[in-house]
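Inspection log for the structure reproduced underneath, given as structure tokens.
Residue numbering restarts at 1 for every chain, and letters A, B, ... go by the order of the sequence lines.
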Amino acid sequence: MRTEALIIGAGPAGLSAAIELGQRGIETLVVDEYPVPGGRLLGQMYQSQSGWWIGRRVAEDLLERLGRFPNVHLMLETSVSGLAHAGGGWTATFSQRAGTVDAQAVLIATGATEVPIPLPNWTLPGVMTVGAAQTMANVHGVRPGERGIIIGFGALAFAVADELTRAGVDLAGIVLPPLQGPSQWLGTVQDQWRRLRDVVHLGPRWARAATPLVASDFWLERVMAGAPQKGIPALGTVLRPNVAAIAMAGEEAVSGVWLQRVDRRGTLVGEPWHEAVDFACLSGGLRPVPDLAAATGAAMKSSRSGLHDVPIFGPVGETTAPGIFAAGNVLGIEGAPVAMAQGQLASIGVLRHLSGNPTEWAAEQAAFSRALEVARERAPLVFDRAWSQIHEEIRQAWTNRPKEG
Amino acid sequence: MAKDAPSHEDDAVIVCRCEALTWGDVKQAMEAFQPTSLRQLKSVTRWGMGICQGRVCRPMMAATTVEDQTEAAFRLVVRPPFKPVAMNILGHEGEKV
Amino acid sequence: MKSSPHVIVVGAGVIGAASAHYLTQAGARVTLIDQGDIGSGTSSRCDGNVLAIDKDPGFDSQMATVSQQLLHELAQELPYFEYRRPGSYLVCDNADEVEMAREWVRQQQAEGLPFAYLDYEAIHRHLPHLAEDVPGGLYCGSDSTLNPLLYTQRLAQSARDRSADLRPHQPVGDIGIEGGAAKGVRLASGEWVPGDAVVVAAGIWTPALLEPLGIRVPIRPRKGHLLVSGKGPLFGDAKVMEFGYLMSKFGRERVAPPDAMQYGVALVYEPTASHNFLLGSSREFVGWDTSSNPKVVQSIARRAMRFYPGMKDATIIRSYAGLRPWTPDHFPIVSEVDGVPGLWIAAGHEGDGIGLAAVTGRLIADLVLGGSPCIDPGPLRWNRFTEEGGMDHG
Amino acid sequence: MSSEGRLEIPTPDGESQSNRKKTFVTFYFEGEAVSGALGEPVAMSLWAAGHRTLGWNEETGRPRSLFCGIGHCFECRMEIDGKRDQRSCLYPVREGLDVRRQSKPGALAIVDGMTRL
């Protein structure tokens, strides 16, 4: 099979790019592993400054627009297992079926993955990432369990706590992850507490009122360490900022969690105690999945932790590999509206690659770039403050990249 | 039902879920082999060599200490198949189906 | 040579690490240098072959057998490296191969080696997953297997435990010759490392290290691919290869599908200690590229399914490729360079570096330190290529 | 169709976020009939039906289950319609699917080759 553009990933970035290519008459194939298109949009539901963001409706809208273009095809349940440079383009192979797709340009929109929080017995059935719980509950209407706990202060923790409690699932609260041994890479307790600053505006009004108070590390530490052990009511559950999950309990599946108090310096204090839960959600945060970009030979910005591995990319999603473009969370974790604008920008890159004209569609590029900036300014969540600095470094790396010829 | 207090042994915590590699295994390998890169650590522990190919455990492995801090010591290397594939599909790639 | 000479080993692959192990065991001081990590070149891009089954009777076979014995001892001496000795099989594709396989076993048995020809009934009893039309095969009981990554690391670790200085991530700039003899190496960093002898065990990188001295080494990179399965049911506990690639030893043409011929693909099945198996392999001269070629990967999968139809449902989780250090006569070079005292080469083991590391390391220690050699070093001399002409070393 | 394993998350305007227009079909888990929504991932139907152990780690033999839910971790790998290592968090339910936990591989037999013949 041949196509002009192959888009890998049917999430917000991939679908947005497909719409732009579709309306400009480009033969486009969008593939995704999941049986339902929409990517992580499908589970999203949170309140932003401009009202409720209901990802499923955004996805439905994108798909409805995409459906108007007979030149755009969607192939689900399809994992790309190979991507080889061939005849000036790229040949993709897949895990689920024999046969290949030859594409002149490839857009990698493979999104992100969750980072783990290892703790004793975390391989027991019932311990899952917070994203898995969100997919289970929001996308498929499946109850993760009777009583759960959320471990880690990643941005998704609060959205999922809200969703689960509104669905009547009991939660033992949102607690700290362990921060020693194999979890030491998560940073210090202060790092965890600082993450709360990025989500405090999503909380109840009184929490928003507390924003100025926790703006200084001095007060943040004291407020968090001094919180009552039973927690601070938030989002239908409780935030327990001075309690850490130190181990899961259970034989064949999760039956409980061991908790222990943490002091201002992150040291475990007092005796651990057991609380009965039958599921646990680990909220460690997100990192890009840049494997395919790396495999094409595109220049990468590698990070020691692997949390910030991204292809070096240009203004319209170009990578240094010919005909390989990238958009969305694979370029950094910034949320769906940013991913959608990046998808639109990358469509310009793809169009220019196909036509060989590097200056066309300048007005559209300018409009999409503005949309990207607006999306960044309005982003309801900051997933990881490192990204703005990394993106600045990538802009420089792109400008200074060795050019061919 | 009375609950036993949990083991605080970080060493028993599985870090590479595919290969059931524990934090203690990693620390032991660090001491025995003094690896100078994540790749060398991988070759003596099998972290990242299982079916998920390190997608889950990579950040934990980065928390180990290896001497060499240059980018070459932790650069991501990806080889096909990028996702597992059955032999009969792999053997007939490129054929019309 | 001093009583405790300082030997610089350039290249910390399995050959360099084994040399360092035996040199330190014999009392030498060793500095083991590599441009990358320990075992980061060909030794981490291979399988765990320790074979006599495919060796020509005579010296070839003797060298492999001595190495197997030394390895058996190493497995007692060093910490675990997944060593085991399950024997290995060659399986035939057609009647022509059966005829040659019988001849091969006759020759090996005449040398007293633990070989057996397995007729149709026997091969299918030993290997019940084989395709029904496989007409026969043979077995060698002394063949063993190991984890090459771990083995290399254990050898280097053993040398370090005896105070060898390990210097990873140190590219060598040049080899220092003074008064016609090797006196040390200059690292790319500018550091001078003096020594009493220099052993170049740099595999495919050996020619480039010696070329500036006017010493030509006819080693070329010969690429090979391997596939890795997921954890799951195995197809037998011992290594299985196809007999076809020995056909050239009998002056016969191998009969195989065009893709297998094009990429030099022959079945290699190797179960590992991690509940999975490796599949190989290919043989190609395609320069220095170690990327995985999807066409070769596909060809290996097809060849494996020809012999093991039940593998069609097995999962492959990745592939990798390495560069074997090929020499024109398929023997390694384990020898001093004529006319340059103190300069040694231990390289060119093609696909047998893992299997021949023990005998090579031991022989290097014997020769460099002036002991009596564990095997006849004659056939491994560097100057055998000089004698054939083409050398410009004065 | 109602089930204890299912839930409803209302959107703020009162519409159901998740449980709309589902068609339930029957498939088989270890030979036992299980009801699942057509097109939802197998792991979701199994979880709703109370089946949590989806497989066993090959090295430890200990139970494993869905972990990341979107195909990255492979912890939910199962044998589906005879195909090994299928991620049940991605594989959509269809009527009559045959879903099984993967058997634990046995230990590698250690035979000394010199004694095999």
Side-chain angles (χ1 to χ4, degrees), chain C residues 48 50-53 65 68-69 72 75 80 82-89 105 109 113-118 122-123 125-127 138-145 147 229-240 270-277 310-318, chain D residues 27-31 41-43 53-68 70-92 94 96-117:
Chain C
V50 188
L51 302 179
I53 198 167
T65 309
Q68 287 182 337
Q69 286 157 0
H72 204 65
Y80 183 60
E82 299 176 17
Y83 171 80
R84 56 195 189 285
R85 186 173 62 181
S88 71
Y89 296 86
V105 171
Q109 286 175 337
L113 293 168
F115 275 63
Y117 173 74
L118 301 173
I123 193 79
R125 178 159 43 78
H126 278 248
L127 305 173
L138 64 101
Y139 178 72
C140 172
S142 66
D143 286 355
S144 57
T145 184
N147 176 336
S229 85
K231 294 177 192 292
L234 294 176
F235 293 80
D237 67 337
K239 187 160 189 123
V240 178
E270 181 174 297
T272 82
S274 304
H275 296 110
N276 68 350
F277 59 85
M311 271 185 198
K312 69 179 175 53
D313 297 320
T315 306
I316 296 301
I317 65 170
R318 73 174 179 281
Chain D
F27 67 96
Y28 298 90
F29 170 57
E30 302 287 355
V42 163
T53 296
L54 303 183
W56 296 279
N57 179 265
E58 297 88 347
E59 301 296 323
T60 63
R62 298 289 297 141
R64 293 290 175 93
S65 189
L66 173 128
F67 178 68
C68 81
I70 54 170
H72 294 150
C73 74
F74 288 80
E75 288 283 49
C76 65
R77 57 190 179 271
M78 303 187 83
E79 186 179 306
I80 302 183
D81 276 356
K83 294 175 285 188
R84 284 185 64 79
D85 294 325
Q86 300 301 307
R87 289 165 281 174
S88 61
C89 73
L90 300 182
Y91 204 103
R94 285 183 275 268
L97 278 187
D98 179 21
V99 177
R100 294 178 184 277
R101 295 180 182 123
Q102 294 186 168
S103 57
K104 305 172 200 178
L108 188 66
I110 304 292
V111 175
D112 185 343
M114 297 300 281
T115 65
R116 195 189 292 269
L117 290 176

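Without hydrogens or angle criteria, Arg116(D) side chain to Gly141(C) main chain gives no donor-acceptor distance under 3.5 Å.
Between the CG atom of Asp313(C) and the CD atom of Glu79(D) there is a distance of 8.0 Å, given to the nearest 0.5 Å. For the atom pair His72(C) NE2 and Asp112(D) CG, the distance stands at 6.5 Å (nearest 0.5 Å).
When each of Leu118(C), Leu234(C), Thr315(C), Thr272(C) is scored by its heavy-atom pairs under 4.5 Å with chain D, the top score falls to Thr315(C).
In this structure, the side chains of Gln102(D) and Lys231(C) stay at 4.5 Å or more apart for every pair of heavy atoms.
Nearest heavy atom pair, residue Gly232(C) against residue Pro105(D), reads O-CB, 3.8 Å. In this structure, Leu117(D) and Ala116(C) approach most closely via the heavy-atom pair CD1-CB, 3.3 Å. Taking every heavy atom of both residues into account, Ser274(C) and Glu59(D) meet most closely at O-OE2, 3.6 Å.
Heavy-atom distances place both the backbone and the side chain of Arg85(C) under 4.5 Å from chain D. Only the side chain of Tyr89(C) comes within less than 4.5 Å of a heavy atom of chain D; its backbone N, CA, C and O stay farther away.
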